[in-house]
Amino acid sequence: MNKTVLLGSIAAASALVAGAASANTLQEVIDRGEVRCGVSTGLAGFSAPDANGVWQGFDVAMCRAVAAAVLDDPMAVEFVPTTGQTRFTALASGEVDVLARNTTWTFTRDVDLNLRFVGINYYDGQGFMVRGDLGVGSATELDGATVCIQTGTTTELNLADYFRANGMEYEPVPIETNAEAQQQYLAGACDVYTTDVSGLAATRASFADPENHVILPEVISKEPLAITVRDGDDRWAGVVQWTFFALVAAEEMGITSANIAELAQGTDNPEINRLLGTEGELGSMLGLDPEWAIRAISAGGNYGEIFAANIGDGTPIGLARGLNAQWTQGGLLYAPPFR
């Protein structure tokens, strides 16, 4: 019996190693002709279908950039809505190739779930939203409140920590999606909605009377929202990671959707030339051609253009750059050198 168990264990381990060794998402994407992108179930400005059913938003643009880099077609993306409960299973099972949704990079998700976080595309923090007529001006006044909270999220854990640390009680109202949270909150099933501040701003912007809802000043956590792939496929992780970094670096170097064609003819800046493929062999190192970054940046613009078009202060979402500004502008946004 022990021998049988041992042989079974060896066989299982061998299969696991073989599976990891044969992981080649890049080739699968090329053969399939599309990127499968896990997104939210609908969050205005980040990922939601428009009136024609075409997915739009900040996170959506990240996946379109990857599709442009790999397939020369930013529209070659299948968007798969995922909840806080289903997102990691969808990624691990191969249902999606990449997660580009409000997912926080944490120790346990990185180490225990064996996820690969390839880039923080939005620095956020958890906050609280209440109706203005409640007369609440601070989260410290929420003792005894009913709180709408998405299950299976870091938000759920942070909420418990915050109320315990402040000696307060609350009654959770569990919800699965942002749409459900919005319905419950507007129906009065909860006094408070808590999620990332960006999510609160996006949700409030969709209300008929956004001015009657208040996002409280407290930010109770760090929420580095990151693009995520499966662990064990370094080539694909590199493609997704450096596509994101290309968008960030392009903004820093002044490369935009308007001037990229001109700059792609060659410049006096060696790093721009390497990024855009007129010098060096960076594309081949990723398994791509020299113009991969040109296509990624052209798809929706650089990081700053994507931010401004979807969630910036000129949109109904109205988010300031803040921590998501370039490191040269007092923010945390930073791409490693292209050399």
Side-chain angles (χ1 to χ4, degrees), residues 29 34-50 53-70 74-84 86-88 90-91 95-105 109 115-125 150 153-155 177-179 181 195-203 205-206 223-230 237 239-248 251 296-297 299-312 315-319 321-324 333:
V29 167
E34 67 179 5
V35 177
R36 292 173 179 164
C37 178
V39 290
S40 73
T41 53
L43 184 62
F46 285 88
S47 54
D50 63 16
V54 179
W55 283 83
Q56 306 286 354
F58 178 81
D59 291 330
V60 166
M62 301 296 161
C63 284
R64 294 208 188 279
V66 172
V70 175
M75 301 305 289
V77 186
E78 177 189 355
F79 292 99
V80 180
T82 63
T83 69
T86 65
R87 53 188 162 172
F88 300 135
L91 182 60
E95 182 182 357
V96 300
D97 307 307
V98 57
L99 281 180
R101 67 184 307 286
N102 47 324
T103 295
T104 303
W105 186 347
R109 289 173 176 176
L115 302 177
R116 178 80 175 268
F117 294 90
V118 296
I120 300 170
N121 66 326
Y122 194 92
Y123 291 90
D124 211 341
Q150 293 188 49
T153 63
T154 56
T155 311
T177 67
N178 186 67
T195 189
D196 301 332
V197 172
S198 65
L200 296 177
T203 300
S206 68
E223 303 296 330
L225 307 183
I227 302 169
T228 315
V229 297
R230 286 181 295 279
V239 167
V240 177
Q241 180 175 61
W242 285 97
T243 297
F244 168 65
F245 285 147
L247 303 179
V248 175
E251 182 185 17
I297 298 162
N302 62 38
Y303 180 95
E305 290 178 283
I306 292 170
F307 190 104
N310 292 286
I311 57 176
T315 71
I317 313 302
L319 293 171
R321 287 293 293 268
L323 296 178
N324 297 290
L333 208 62

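What you see is a predicted model; the values in this text were computed from it and never measured.
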Next on the checklist: Thr195: which residues meet the side-chain hydrogen bond (donor to acceptor under 3.5 Å, both in side chains) condition with it, sequence neighbours left out?
Outcome noted: none
Checklist entry - Got a second to check how far Asp196's CG is from Tyr123's OH, nearest 0.5 Å? => result 14.5 Å
Item to check | Counterpart residues, ring-ring contact (aromatic ring centres under 6.0 Å, His included), relative to Phe88 (two or more places apart) | outcome: none
Checklist entry - Taking the side chain as C-beta and beyond, is there a heavy-atom pair between Ile297 and Leu247 under 4.5 Å? => result yes
Checklist entry - Mind checking whether Tyr303 and Phe307 have parallel, tilted or perpendicular rings, split at 30° and 60°? => result tilted
Next on the checklist: Checking Asn102 against Ser40: is there a side-chain donor and acceptor pair closer than 3.5 Å?
Outcome noted: no
Item to check | Arg321: salt bridge (Lys or Arg N to Asp or Glu O under 4.0 Å) partners, not counting sequence neighbours | outcome: Glu251
Item to check | Residues forming a side-chain hydrogen bond (donor to acceptor under 3.5 Å, both in side chains) with Gln150, sequence neighbours excluded | outcome: Tyr193
Next on the checklist: Within the 4.5 Å heavy-atom criterion, are Thr82 and Leu99 side-chain neighbours or not?
Outcome noted: yes
Next on the checklist: Holding to ring-ring contact (aromatic ring centres under 6.0 Å, His included), I want the full list of residues that pass it with Phe46, two or more places apart in sequence or in another chain.
Outcome noted: Phe58, Tyr122
Checklist entry - Which residues pass the side-chain hydrogen bond (donor to acceptor under 3.5 Å, both in side chains) test with Thr177, sequence neighbours left out? => result none
Next on the checklist: Can you tell me how far apart OG1 (Thr154) and CZ (Arg109) are? Round to the nearest 0.5 Å.
Outcome noted: 5.0 Å
Item to check | Flag side-chain contact, heavy atom, 4.5 Å: Ile227 against Asp59 | outcome: no
Checklist entry - Given side chains that start at C-beta, do those of Thr104 and Pro224 come closer than 4.5 Å, heavy atoms only? => result yes
